[in-house]
Amino acid sequence: MKILVTGGAGFIGSAVIRHIITQTNETILNLDKLTYAGNLTSLEDVASHPRYSFIQADICDAESLDEIFSAYEPDAVMHLAAESHVDRSISGPANFIHTNIVGTYTLLEAARRYWGSLDRERQQAFRFHHISTDEVYGDLLHPDDMSEDVTVLPLFTEETAYSPSSPYSASKASSDHLVRAWSRTYGLPVLITNCSNNYGPYHFPEKLIPLVILNALEGKELPVYGNGDQIRDWLYVEDHAHALYTVLTKGKIGETYNIGGFNEKKNLDVVNAICDLLDRIRPGATSYRSLITRVDDRPGHDRRYAIDATKISKELGWEPKETFETGLMKTIQWYIDNKKWVENVKKGTYQRERLGLIK
Ligand SMILES: NC(=O)c1ccc[n+]([C@@H]2O[C@H](COP(=O)([O-])OP(=O)(O)OC[C@H]3O[C@@H](n4cnc5c(N)ncnc54)[C@H](O)[C@@H]3O)[C@@H](O)[C@H]2O)c1
């Protein structure tokens, strides 16, 4: 298969590319605009591989997309390009509407034009895989809200109604609706996945886990929103990459698959776990927990997310390999061992060095 991956220079996209290039025989064209979140140094391990190539392009640019589809002739699209940081969506929602909604629409239309030009056999084999988030479902009952009448904590299933809370999740929900409409109206063979919070190597340090690891290593404050009791369901990024390839190759056309690690954790417990692991492997004079600082809660902050990943496990045989403890240890060790990547990101060098890395 020739796979067109959008957003392949981002956190999850680069994990998907590393997974597919090293574990399969598929060929990849990485299409990425290289926003602040796109970092080609995350792909150095595979950059010179003969089955990998890169093109800098914008999913909102229909003309470029048409040229890329006709020149590359992909058998599948894995669409990960997006604006992805909730806090940025609150301070500046416009980019989120543009990239996540208009961009997905533009990509769907380019894919439809290209798909319509294929012979019947290639049309049937073609897949448009849209990668989305569990945040489209809104939030769930929190253990603190349980009572005598409510004793079971619900999970997000593929049938849960959409109820997004932030500009980010609303824009992703819109893009999911567009993808379903293109399947139903035009017959485009689509797959949709909704995943829980990812963590792991090459994660941009604005997100909770890398931020806490790096701040702790530098002896800086560890910010926790509100009382830190918000619950997220964590999945190691390489397990997500494996799940996405499984859905692409084995998933049923038109279906949605929820992906999660069955790892519900309160934010404060995540931060404590990082501190405790660092206390073991990098002990200081006092525990890293002493650096924890409460900051004002994010407006509209969802209290609990939790994915029911039974469908992908039963129907496609996918299971996460990492527990939260093993994945977190690998992640901490990666940030300790990869100071060059971290410095590169912090100083913005990766943005200046781009030209030399593009092939
Ligand atoms: N990070 C998570 O925990 C998580 C969980 C579930 C789903 N997702 C979804 O997975 C996808 C990837 O997430 P991520 O964390 O890797 O994001 P990221 O922000 O790390 O990467 C996004 C990538 O998209 C590129 N991009 C942005 N706008 C573009 C445009 N207009 N044209 C082409 N490329 C563009 C960026 O340059 C970057 O390389 C997103 O769609 C996100 O909604 C993320």
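Just so you know, residue 1 is the first one in the sequence shown, and it goes up from there. The structure presented is a predicted model; accordingly, all values stated were derived computationally and were not measured. Read the numbers this way: they start at 1 and go in the same order the structure lists the ligands and their atoms.
Using 4.0 Å as the threshold, G103 has no heavy atom nearer than that to any atom of ligand 1. Within the 4.0 Å heavy-atom cutoff, T6 does not count among the residues contacting ligand 1. Every heavy atom of S14 sits 4.0 Å or more from the atoms of ligand 1. Heavy atoms of G8 come nearer than 4.0 angstrom to ligand 1 in no pair at all.
For the pair S84 and ligand 1, the shortest N or O to N or O distance falls below 3.5 Å. Considering backbone and side-chain atoms together, D58 places an N or O closer than 3.5 Å to an N or O of ligand 1. Checked against a 3.5 angstrom limit, the closest N/O atoms of L80 and ligand 1 fall inside it. For ligand 1, the polar-atom distance check against H240 finds no nitrogen or oxygen pair separated by under 3.5 Å. On a distance-only criterion, F11 and ligand 1 share at least one N/O pair closer than 3.5 Å.
Ranking protein heavy atoms by distance to atom 7 (C) of ligand 1, first place goes to S132 O, 3.1 Å. Among all protein heavy atoms, the one lying closest to atom 5 (C) of ligand 1 is S196 O, 3.3 Å. In terms of protein heavy-atom proximity, atom 44 (C) of ligand 1 is closest to I12 CD1, 3.3 Å. Considering only non-hydrogen protein atoms, atom 21 (O) of ligand 1 sits nearest to G10 CA, 3.3 Å. In terms of protein heavy-atom proximity, atom 32 (N) of ligand 1 is closest to I59 N, 3.0 Å.
The cluster map of Ile, Leu, Val, Met, Phe, Trp and Tyr, joined by side-chain heavy atoms under 4.5 Å apart, puts V86 and F156 in different clusters. L80 and L43 fall within a single hydrophobic cluster, where Ile, Leu, Val, Met, Phe, Trp and Tyr are joined by side-chain heavy atoms under 4.5 Å apart, directly or via other members. When the side chains of ILVMFWY residues are joined at heavy-atom separations under 4.5 Å, either directly or via intervening members, V295 and L208 end up in two distinct hydrophobic clusters.
Note that K321 lies outside the cation-pi zone of Y236, set by a 6.0 Å cut-off to the ring centre and a 45° limit from the axis.
The ligand atoms of ligand 1 that sit less than 4.0 angstrom from a heavy atom of A9 are 39 (O). For ligand 1 and G38, the ligand atoms under 4.0 Å from any heavy atom of the residue are 37 (O), 38 (C), 39 (O). Numbered from 1 in the order shown, with element, the atoms of ligand 1 that lie under 4.0 Å from a heavy atom of K33 read 29 (C), 30 (C), 31 (N), 32 (N), 33 (C), 34 (N), 35 (C). Near I131, the atoms of ligand 1 lying under 4.0 angstrom from a non-hydrogen atom of the residue are 10 (O), 41 (O). Atoms of ligand 1 found under 4.0 Å from any heavy atom of A57 (numbered from 1 in listed order, with element): 32 (N), 33 (C). Every atom of ligand 1 with a heavy atom of N197 under 4.0 Å away is listed here by number and element: 3 (O). Ligand-side atoms of ligand 1 in range of C195: 5 (C), 6 (C), range being under 4.0 angstrom from any heavy atom.
Among G260, A81, A82, the residue whose heavy atom lies nearest to atom 22 (C) of ligand 1 is A82. Considering each of L34, N39, T99, the one bringing a non-hydrogen atom nearest atom 28 (N) of ligand 1 is T99. Looking at V16, N198, T35 and measuring to atom 36 (C) of ligand 1, the nearest heavy atom belongs to T35. Taking only non-hydrogen atoms, the option from D134, L65, D32, I307 nearest to atom 39 (O) of ligand 1 is D32.
In this structure, the ring of Y137 has its center less than 6.0 angstrom from the ring center of Y162. Taking the ring centroids of F128 and W115, they lie at or beyond the 6.0 Å cut-off.
One finds the CG atom of L4 at 12.5 Å from the OG1 atom of T27 (value rounded to the nearest 0.5 Å).
For Y105, the OH atom sits in a loose shell: 12 or fewer heavy atoms of surrounding residues, nucleotides or ligands are nearer than 6.0 Å.
We find that K330 and E238 are not joined by a salt bridge, their nearest charged nitrogen and carboxylate oxygen being 4.0 Å or further apart. In summary, D75 and R122 engage in a salt bridge, as defined by a charged side-chain N under 4.0 Å from a carboxylate O.
Checked by atom type, the side-chain pair T104/H79 shows a donor-acceptor distance below 3.5 Å. In this structure, a donor-acceptor pair under 3.5 Å is present between the side chains of E26 and Y245.
By the criterion of a heavy-atom distance under 4.0 Å, the side chain of K172, and not its backbone, is placed next to ligand 1. The side chain of Y168, and not its backbone, has at least one atom closer than 4.0 Å to an atom of ligand 1 (non-hydrogen atoms only; side chain from C-beta on).
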Exercise for the section: Might you work through the side-chain hydrogen bond (donor to acceptor under 3.5 Å, both in side chains) test for N194 and D176, ending with a clear yes or no? Expected result: CA-CA 9 Å; N194 295 86; D176 293 13; 3.1 Å; yes
Exercise for the section: For the pair T256 and R180, evaluate side-chain hydrogen bond (donor to acceptor under 3.5 Å, both in side chains) and give the outcome as yes or no after the intermediate values. Expected result: CA-CA 10 Å; T256 295; R180 285 201 183 88; 2.9 Å; yes
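Between H301 and Y225, the ring planes lie perpendicular to each other; the angle is over 60°, past the 30° to 60° tilted range. Taking the six-membered ring where tryptophan is involved, the planes of W234 and Y199 are perpendicular, since the angle between them exceeds 60° and thus also 30°.
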